[in-house]
There are 2 protein chains.
Amino acid sequence: MEGSGAKVRGRGHPVTDRKAMVEAALGLLDEAGVEGLSMRRLAERLGVKAASLYWHVRNKEELLGLLADEICAGVREPRLDLSWREKLETLVRENRRVLLGHRDAARILAGTVPTGPNRLRLAETMLGTLIGAGFSRRDVVRAAFLLTDYATHFVAEETRFASVGKAHGSSDEEKLARVRRHFEALPEDEYPLAVSLAGYLTDPDADGRFEFGLEALLDGLEKKLATRGSSGEPSG
Amino acid sequence: MEGSGAKVRGRGHPVTDRKAMVEAALGLLDEAGVEGLSMRRLAERLGVKAASLYWHVRNKEELLGLLADEICAGVREPRLDLSWREKLETLVRENRRVLLGHRDAARILAGTVPTGPNRLRLAETMLGTLIGAGFSRRDVVRAAFLLTDYATHFVAEETRFASVGKAHGSSDEEKLARVRRHFEALPEDEYPLAVSLAGYLTDPDADGRFEFGLEALLDGLEKKLATRGSSGEPSG
DNA sequence: ACCTGAACACCGTTCAAGT
DNA sequence: ACCTGAACACCGTTCAAGT
């Protein structure tokens with residue numbers, strides 16, 4: 001429980017305070033989720049009144065931006081000896097892994113503009129890898145958005161129900177089972193496929209779903225590379 | 001402007017009232033965005049007190065679910081003579097078109113579970129098309145999620161700044177120009193690619209970006225079909 | 001069957017004032 | 001330089017009470 005006193009000493013330069021704020025925000029996020037992450041509760045956790053936070057941060061949006069960047073600090077760079085495709089796979093999987101590390105992290109990322117140093121660094125890696133693969137400059141950027149957004153939004157969907165039922169003690173399996181029964185109970189003449197595919201619609205294998213989409217995306221990108229050729233500029 | 005009086009006559013059966021609520025909610029959404037869509041403002045618009053809404057609807061989440069389904073009513077089914085790939089393209093493009101038709105519609109869809117009749121009907125069409133293409137039952141479901149979520153999340157990203165700057169009179173182009181200058185002003189030694197690709201990172205051609213991703217996804221899916229063969233069951 | 005009054009337990013943000 | 005008191009303008013939701 002260190003850090004409860006916020007700025008113990010030093011000269012209390014604002015950097016330290018922002019850092020403490022973001023750390024506290026991350027802790028609060030893990031305990032209470034996005035829904036519970038309010039400026040007032042964060043202030044309480046820092047032993048301060050809510051109004052004080054606005055000395056360190058313009059508004060809540062700015063705080064969430066800092067928080068998002070902090071979350072991304074844990075993404076590891078892919079090894080240099082990998083192929084471009086392996087590098088991209090690693091990067092996108094790493095993204096998912098890190099987002100699964102904090103409650104509602106994907107929703108924070110999705111709702112926030114990537115301007116912090118960590119996210120910019122990751123963008124550089126992604127863009128550089130795509131340039132190395134031979135995409136045109138325009139396609140590099142489009143592919144980067146596609147892959148980054150895929151990771152973020154997949155995890156956001158995947159964890160949507162993580163918080164909901166935890167309160168009244170229903171496990172993930174119980175929740176999925178309930179949804180499956182809901183699909184199965186639909187009128188079969190109107191929604192025959194939803195009924196018959198209910199088992200797959202509530203497939204608990206999120207890893208498999210993630211890899212399915214990732215492979216499709218990379219196969220699609222690979223095909224573009226083959227078709228369009230290296231139609232673009234040199235890779236500088 | 002019909003429907004301003006809510007339930008004029010009939011026997012005021014609850015279906016009518018819910019319909020009027022959802023219509024009013026859609027109007028409020030277009031005027032005020034998700035941020036401005038509150039139960040209290042919606043009640044005001046219906047000439048009623050906020051507490052009354054809870055007679056017709058369990059809570060706000062349920063209302064948003066109904067609203068999401070109403071938004072999806074406008075999605076047209078693809079023509080039957082198209083190939084499976086053309087059908088999927090049409091369906092995903094239609095999805096985007098409809099989501100662009102109401103302010104923050106994509107965010108409503110993204111935050112809501114697809115249980116309404118319109119969304120279920122669209123799911124049937126999507127699943128049926130993928131079955132017709134020859135995917136295994138498991139892959140049908142995975143591909144359906146992939147394509148549906150792509151449309152929703154693409155539009156959510158695409159329209160993220162739609163509302164923000166409108167207040168202090170900055171057009172879309174001005175906003176993009178500001179972001180581009182921000183990237184260009186980054187330290188070139190740390191973020192060389194962000195600086196050099198600033199123009200593409202703020203590309204205003206959303207249609208082009210959307211089609212890039214859609215083509216990649218469909219190419220990727222097509223490849224799976226070729227590779228895995230029709231490994232699954234018959235198409236019943 | 002449907003609506004209201006009144007309350008409960010919250011929000012983000014501002015700003016003059018304190019130290 | 002940093003924090004507080006007090007307020008402003010909101011939220012979603014409940015529930016006894018009205019008609």
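All chains are named by letter (A, B, ...) in the order of the sequence lines, taking the proteins before the strands, and each is independently numbered beginning at 1. The model shown is predicted, which means the values in this text are computed figures rather than measured ones.
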Nearest to the side chain of [X] - [options]?
{"X": "Val48(B)", "options": "dT14(D), dC3(C), dT14(C)", "result": "dC3(C)"}
{"X": "Lys49(A)", "options": "dT13(D), dT13(C), dT4(D)", "result": "dT4(D)"}
{"X": "Arg41(A)", "options": "dT14(C), dT13(D), dC11(C)", "result": "dC11(C)"}
{"X": "Asp17(A)", "options": "dT4(C), dC3(D), dC2(D)", "result": "dC2(D)"}
{"X": "Asn59(A)", "options": "dC2(D), dT13(C), dT14(D)", "result": "dT13(C)"}

Side-chain contact, heavy-atom cut-off 4.5 Å: Glu94(A) with Leu122(A)?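 The answer is no, as the side chains (C-beta and beyond) never meet within the 4.5 Å cut-off.
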Is there a side-chain contact between Glu23(B) and Leu26(B), using heavy atoms and a 4.5 Å cut-off?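 No, their side chains stay 4.5 Å or more apart.
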[N] OP1/OP2 closer than 4.0 Å to side-chain N/O of [X]:
{"X": "Lys60(A)", "N": "dG12(C)", "answer": "yes"}
{"X": "His56(B)", "N": "dC3(C)", "answer": "yes"}
{"X": "Trp55(A)", "N": "dC3(D)", "answer": "no"}

Separation of [N] [atom2] from [X] [atom1] (nearest whole Å):
{"X": "Glu35(A)", "N": "dC11(D)", "atom1": "CD", "atom2": "C1'", "value": "13 Å"}
{"X": "Tyr54(A)", "N": "dG5(D)", "atom1": "OH", "atom2": "P", "value": "17 Å"}
{"X": "Glu61(B)", "N": "dT13(D)", "atom1": "CD", "atom2": "C1'", "value": "14 Å"}
{"X": "Arg40(A)", "N": "dC11(C)", "atom1": "CZ", "atom2": "P", "value": "7 Å"}
{"X": "Arg58(B)", "N": "dT14(D)", "atom1": "CZ", "atom2": "P", "value": "11 Å"}
{"X": "Leu53(B)", "N": "dC11(D)", "atom1": "CG", "atom2": "P", "value": "12 Å"}
{"X": "Leu64(B)", "N": "dT13(D)", "atom1": "CG", "atom2": "C1'", "value": "15 Å"}
{"X": "Met39(A)", "N": "dC11(D)", "atom1": "CE", "atom2": "C1'", "value": "17 Å"}

Determine the interatomic distance between P on dA9(D) and the same-named atom on dA9(C); round to the nearest Å.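 Looking at atom P only, dA9(D) and dA9(C) are 24 Å apart.
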Give the intermediate values and the outcome of side-chain contact (heavy atoms from CB on, under 4.5 Å) for residues Lys60(B) and Leu42(B). CA-CA 11 Å; Lys60(B) 189 179 182 181; Leu42(B) 176 59; over 6 Å; no
Under a 3.5 Å distance rule, please check whether Tyr150(A) uses its side chain to pair with a backbone N or O of Phe210(A) as donor and acceptor.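 Yes: the side chain of Tyr150(A) pairs with the backbone of Phe210(A).
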Under a 4.0 Å threshold between the charged nitrogen and the carboxylate oxygen, would Arg138(A) count as salt-bridged to Asp203(B)?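 Salt bridge flag = yes for Arg138(A) with Asp203(B).
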Runs of at least three consecutive pairs that involve DNA chain D, where pairs are Watson-Crick or G-U with distances under 3.5 Å: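 As far as DNA chain D goes, consecutive pairing (with distances under 3.5 Å) yields the stems C:4-8 with D:12-16, C:12-16 with D:4-8.
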Once you apply a heavy-atom cut-off of 4.0 Å, does Ser52(B) come out as touching a base, just sugar-phosphate, or nothing?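 Counting heavy atoms under 4.0 Å across all strands, the contact made by Ser52(B) includes a base.
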Decide yes or no on side-chain contact (heavy atoms from CB on, under 4.5 Å) for Asp205(B) and Arg142(A), but give the supporting numbers first. CA-CA 11 Å; Asp205(B) 180 17; Arg142(A) 288 176 172 174; 3.5 Å; yes
Please assess Leu37(B) against Leu64(B) for the test side-chain contact (heavy atoms from CB on, under 4.5 Å), listing each intermediate value before the final yes or no. CA-CA 10 Å; Leu37(B) 175 53; Leu64(B) 293 179; 3.9 Å; yes
All side-chain contact (heavy atoms from CB on, under 4.5 Å) counterparts of Thr125(A), not counting sequence neighbours: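 side-chain contact (heavy atoms from CB on, under 4.5 Å) check on Thr125(A) returns Glu77(A), Pro78(A), Leu91(A), Thr129(A).
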